[in-house]
Amino acid sequence: MQLRYNYRAYPDASQRRALARAFGCARVVWNDCLRDRKEAHAAGLPYVKSADLSRLRITQAKRTAERAWLADVSAVVLQQSLRDLDAAYKNFFDSVKGKRQGRKVGPPRYKSKKDTRQPIRLNTNAFSVQDNGTVYVAKVGNLKARWSRRLPAAPTSLTVTKDSSGRYFLSFVVDTEPDVLPEAETDAGIDLGLSAFAVLSDGRKIDSPRFLRRAEKKLKRCQRELSRKVKGSKNRAKARIKVARQHAKVTDRRRDWHHKASTQIIRDNQAVYVEDLAVSGLGRTRLAKSVHDAGWSAFVGMLEYKAALHGRTFAKVDRAFPSSQICSACGFRDGPKPLHVREWTCAECGTVHDRDHNAARNILFEGRRIVAAGRAETPNACGAPVRRAPVPAQRGEAGSPRKGQTTQPGIPGL
C-alpha cells in the first residue's frame, strides 16, 4: 500500500533559484515532447515513442545552443517529466477505451510558468534523506524540512512542489503495510449536507465549519487591494501573493479538519457507508460556493483510503438511492420532498423523522445490503475475504500517531 507524506520545505535563495531552473526545464521537456506527439498525430504519423523523444528532446537537445541549459538540472528530473507525460497519455487512452473507471480524462495539455503549481518528481537516484534531517536533491542541495511526523519506511519517490503562495513542499511516496485497528462493534451511515456537514446514523451531527465563509471578509479586502494595483508592477505581484496565502490558509484549515473528522469516524466504526454525491453537478448550481467550501469529495476520499489502511469496511451507496424518501422505520416510500422540509411524518406508520437522520439510517441499511451482496471491496457478510483494490498515494496525508503507538522507523536524528 502506498501513502504520501507531505512536509514543508524552506530552501534558501540559491536553492530557490535552482528549483526554479528545475521547474522550468521539466516544463520545457513536457511541452516539447507533447508538441512532437501532437504534430505527429496531426500529420497522420504513428505515435512517437518515449525512447525517441528522450533521445531527441533530452540527450540531443542538451548539445544545442538553444537548449544547452537543460544540462544545468538533474537528468532524472527531465526523464521523470517525460514519464509523467506517458502516464497522462495512458490515462487518456484508457479513458477513451473505457478501461479507466470514473470521469473521462482529457488529453495532456501544455504547461505554463504561470500555473499555480510547479512540481518536479525524482526517484531514489536523485534524492536522499540525510542524518541531520535535511533532504538532498540533486543539483539543488540539502533542503531544510519541518518533520511533523516520521516516515514509516524509506521513501520510493519525491515530488518537490511550489504552490501559488510561494511555499515549497516535499511529498514522499512510501510503501507501507496496512495498520489494522482493533475491531469495533458499530457501523455508521453518513449523510453529507450543508446545514450540517455530516449526520451519522446514530444521530450525531458534525457542524459545518465553513472556512471559506469565515474568511470572506479578509479575502474581499485583499482582493480589492489587488484590483487597484497596476498590472505588471511589483506591488501587484505582492498583492497577488497575499491573496494566494489567504486562500492557502483556508485550504489548509479545511484539509486538517477533514483529516481529523475522517480519522475519528474510521476509528469509531467498523464499517462506514456514504452516498455517492454528484459534486461536479452541484458545483454548477446556486449552492456552488457552499458545496466547494464543504469539500465532500476530499472527505469521502479520505474515508475510503483510511478504511483500507486500517482494515475497515467502506462502501458507497448509489446517488439514485432515495434515502430522503424512504421511512427508515417501516420502509414506506413517501415520495420526494423539497429541501426546506427538514422534518416529516411517515404516512404509513406515523413516525416523525428528521430528514438528515432518516437519510443516514437508510444509507446505513443500503450499505449493509451492498456489503452482504458482495458488491463492495471489503469482507462480505459471510466473512469471506474479497480482494481489495490498490490504494493510491494520497496527496494530503496528515495527522498524528495514536497514543501509545510504538516508534516507527523514520528520519534518523529526529
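We count residues from 1, following the sequence as given.
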- [ ] Determine, stepwise, if the pair T313 / V272 fulfils side chain to side chain contact (heavy atoms under 4.5 Å, CB included).
- [x] CA-CA 6 Å; T313 298; V272 177; over 6 Å; no
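By the 4.0 Å N-to-carboxylate-O rule, K97 lies too far from D94 to be salt-bridged with it. Taking a cutoff of 4.0 Å between a charged side-chain nitrogen and a carboxylate oxygen, D52 and R55 qualify as a salt bridge. Taking 4.0 Å as the cut-off between side-chain N and carboxylate O, K289 and E216 count as a salt-bridged pair. A salt bridge between R204 and D202 is present, with a side-chain N of the basic residue lying under 4.0 Å from a carboxylate O of the acidic one. Of the charged side-chain nitrogens involved, at least one lies within less than 4.0 Å of a carboxylate oxygen, so that R121 and D84 count as a salt-bridged pair. A salt bridge between K139 and D72 is absent, with no side-chain N of the basic residue lying under 4.0 Å from a carboxylate O of the acidic one. A salt bridge does not link D163 to R117: none of the charged nitrogens lies less than 4.0 Å from a carboxylate oxygen.
Applying the 6.0 Å contact sphere to CZ of R236 captures more than 12 heavy atoms from other residues, nucleotides or ligands. Other residues, nucleotides and ligands place no more than 12 heavy atoms under 6.0 Å from the NZ atom of K260. Heavy-atom neighbours of K242 NZ from other residues, nucleotides or ligands within 6.0 Å: at or below the threshold of 12.
Taking the side chain as every heavy atom from C-beta outward, S328 and F365 approach each other to under 4.5 Å.
Residues meeting the side-chain hydrogen bond (donor to acceptor under 3.5 Å, both in side chains) test with S262, sequence neighbours left out: K306.
Sequence neighbours left out, the pairs with a member in residues 184-201 that pass salt bridge (charged side-chain N to carboxylate O under 4.0 Å, His left out) are D187-R368.
Classification of the F172-F127 ring pair by plane angle, with boundaries at 30° and 60°, yields tilted. Classification of the Y7-Y5 ring pair by plane angle, with boundaries at 30° and 60°, yields parallel.
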